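Working notes, beginning with the structure itself.
All of these numbers come straight from a predicted model, not from anything done at the bench. Each ligand, and each atom within it, is numbered from 1 in the order the structure gives.
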Amino acid sequence: AKELGRGTFAYFTQELTQAAARRMRLESRLRRAAGEQRLRVVVQPQHRFGDAAPCGGEALLRWHDEELGAVSPAEFIPVAEACGLIEPIGRWVLEQALGIVATWRQAGWRDARIAVNVSARQFSRGDLVATVQAALARHGLGGDALELEVTESVLVDSGAEVAAALARLRAMGVIIAIDDFGIGYSSLGYLQRLPVDVIKIDRSFVRGLGRPDGDARLCAAIVAMAHHLHLGVVAEGVETAAQHDALQAMGCDRYQGYWQDGQPTEAMEVLARWRRASTV
Ligand code: C2E
Ligand code: CA
Ligand code: CA
Ligand code: CA
C-alpha cells in the first residue's frame with residue numbers, strides 16, 4: 001500500500017506538472033497570436049424555425065498555432081480569462097464581429113445580426129458599454145445588429161453595476177442572451193431581477209431530444225418558462241432532424257447546429273447561404 005501511495009503521488013505530480021507546463025505554453029503562444037492578429041472569427045448561422053435562410057449567426061474564435069496546432073476555444077478561453085488576455089481578445093472579437101455584420105448589411109441583408117460571447121471579466125473590468133457603443137458607431141451600426149451572450153455566472157450574484165450595464169446595452173437595442181442556460185447554476189432569481197431577452201438552451205439538453213430514451217420534458221419546460229417570462233429561446237447544438245422537429249413543436253424560437261449548417265464557417269459563406277435561401 002505504501003508503494004502504491006508513493007507511485008500514485010508521483011503520478012499526480014507528473015500530471016500536474018504537465019498541465020501547468022501546457023498552460024504556461026498556451027499563455028505565451030496565445031499572447032503572441034493575439035498580438036500578431038493570428039486569431040480568426042468563424043460564424044455559426046442561426047435560424048428561425050421554418051426558415052432555411054439564416055437570421056444571423058454566432059461569432060466563434062478559432063486559433064491555429066504553428067507549434068500547438070488547432071487549439072479549441074474551450075481550452076484557450078479559460079486561459080485568456082485567467083491571465084487577463086480576454087479583455088483585448090474580447091475587444092478584437094467584437095470589432096471583427098461588427099465588421100462582419102456591417103458587410104452583411106451592406107450586401108443587402110438588412111436585418112442581419114451577430115451574436116458575440118462575452119466573458120465575466122469583460123463585464124467587471126473595463127467599460128463594456130462604452131466599448132460596445134464606440135464599436136457600433138465606428139461601423140455605422142445600431143444596437144439591433146448585436147446580441148451579447150453572457151453566461152449565468154455573470155448574472156448570478158451580480159451587483160447593481162451589471163444590471164445597469166445590461167440596461168444601458170438594452171436601451172441601445174442590443175439583445176442580451178443567457179448562454180449555456182441550465183448548467184452549473186440552480187438560481188433563477190436573476191431572470192426576474194435583470195433585463196435579459198433570450199435564453200440559450202445548452203447543447204447537453206438538446207442532445208437527448210428525439211431519442212426514445214431522451215427526456216424532452218426538460219427542454220419543453222425551459223421553453224415554456226422562458227415564454228412565460230417573455231423571453232426568447234435559442235437552442236444550440238441541433239444535430240438531427242428529430243431534435244429540430246421536437247424543438248419546433250415546443251415553440252422554440254431559434255436554433256443553430258450542425259444539422260442545418262455543419263461546422264461554423266467563414267462570414268462570407270454565411271452571406272452566400274442567406275442569398276441562396278432568400279432569393280428563391
Ligand atoms: P458556446 O458559446 O456554447 O458555443 C457553442 C459551441 O458549440 C461552439 O464550440 C460550436 O462550434 C459548437 N457547436 C455548434 N453547433 C454544434 C453542434 O451541432 N454540435 C456540436 N457538438 N457542437 C456544436 P467552440 O467554437 O469550440 O466554442 C467553445 C466555447 O468557447 C463556446 O461555447 C464559448 O463558451 C467559448 N468561445 C468561443 N468563442 C468565444 C469568444 O469569442 N469569446 C468568449 N468569451 N468565448 C468564446
Ligand atoms: Ca455562445
Ligand atoms: Ca452556448
Ligand atoms: Ca454550450
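Using a 4.0 Å cut-off to heavy atoms of Asp180, the atoms of ligand 1 that qualify are 3 (O). The ligand atoms of ligand 1 that sit less than 4.0 angstrom from a heavy atom of Val93 are 41 (O). Residue-ligand proximity, Ser119 to ligand 1, at heavy-atom distances under 4.0 Å covers atoms 44 (N). Every atom of ligand 1 with a heavy atom of Glu236 under 4.0 Å away is listed here by number and element: 3 (O). Every atom of ligand 1 is numbered from 1 in the order shown, and the set under 4.0 Å from a heavy atom of Gly237 is 16 (C), 17 (C), 18 (O). Less than 4.0 angstrom separates some heavy atom of Val238 from each of these atoms of ligand 1: 18 (O). Interface of Gly257 with ligand 1, defined as ligand atoms under 4.0 Å from a residue heavy atom, comprises 15 (N), 18 (O).
Inclusion of Glu239 in the set of residues having an N or O under 3.5 Å from an N or O of ligand 1 is warranted. Residue Asp179 has at least one nitrogen or oxygen atom sitting less than 3.5 Å from a nitrogen or oxygen atom of ligand 1, judged on distance alone. Not one N or O of Ile86 is nearer than 3.5 Å to an N or O of ligand 1, by distance alone. Considering backbone and side-chain N/O atoms, Asn117 comes within less than 3.5 Å of an N/O atom of ligand 1.
Hydrophobic clustering (ILVMFWY, side-chain heavy atoms < 4.5 Å, transitive): Leu169 and Leu94 are in one cluster. Note: the hydrophobic cluster containing Ile114 does not contain Val234 (ILVMFWY, side chain heavy atoms under 4.5 Å, direct or indirect links).
For Trp274, the ring-ring contact (aromatic ring centres under 6.0 Å, His included) partners are Trp109, not counting sequence neighbours. Shown here are the ring-ring contact (aromatic ring centres under 6.0 Å, His included) partners of His244, two or more places apart in sequence or in another chain: Phe49, Tyr255, Trp259.
Remark: Arg276 engages Glu269 in a salt bridge, criterion side-chain N to carboxylate O under 4.0 Å. Using a cut-off of 4.0 Å between Lys/Arg side-chain N and Asp/Glu carboxylate O, Arg113 and Glu147 are scored as salt-bridged.
Of the heavy atoms in Arg62, only side-chain atoms (C-beta onward) come closer than 4.0 Å to ligand 1. Residue contacts with ligand 1 for Ile77 involve side-chain atoms from C-beta outward but no N, CA, C or O (heavy atoms, distance under 4.0 Å). The part of Gln44 lying near ligand 1 is the side chain, judged by heavy-atom distances below 4.0 Å.
Within a 6.0 Å sphere centred on CD of Gln192, heavy atoms belonging to other residues, nucleotides or ligands number 12 at most. With a 6.0 Å radius and a threshold of 12 heavy atoms from other residues, nucleotides or ligands, Met24 has its CE atom at or below the threshold. Shown here is Arg170, whose CZ atom has more than 12 heavy atoms of other residues, nucleotides or ligands within 6.0 Å.
Within the 3.0 Å limit, Asp179 places at least one N, O or S atom next to the Ca ion (ligand 2). Residue contacts to the Ca ion (ligand 2): Glu149 brings an N, O or S atom closer than 3.0 Å.
For atom 4 (O) of ligand 1, the candidate residues are Thr151, Val71, Leu60; the nearest heavy-atom contact is made by Leu60.
The atom name of the N/O/S atom in Glu58 closest to the Ca ion (ligand 2) is OE2.
A donor atom on one side chain and an acceptor atom on the other are found under 3.5 Å apart for Asp253 and His227. The closest side-chain donor-acceptor pair between Glu87 and Gln122, if any, does not fall under 3.5 angstrom.
Heavy atoms of Glu58 approach ligand 1 to within less than 4.0 angstrom.
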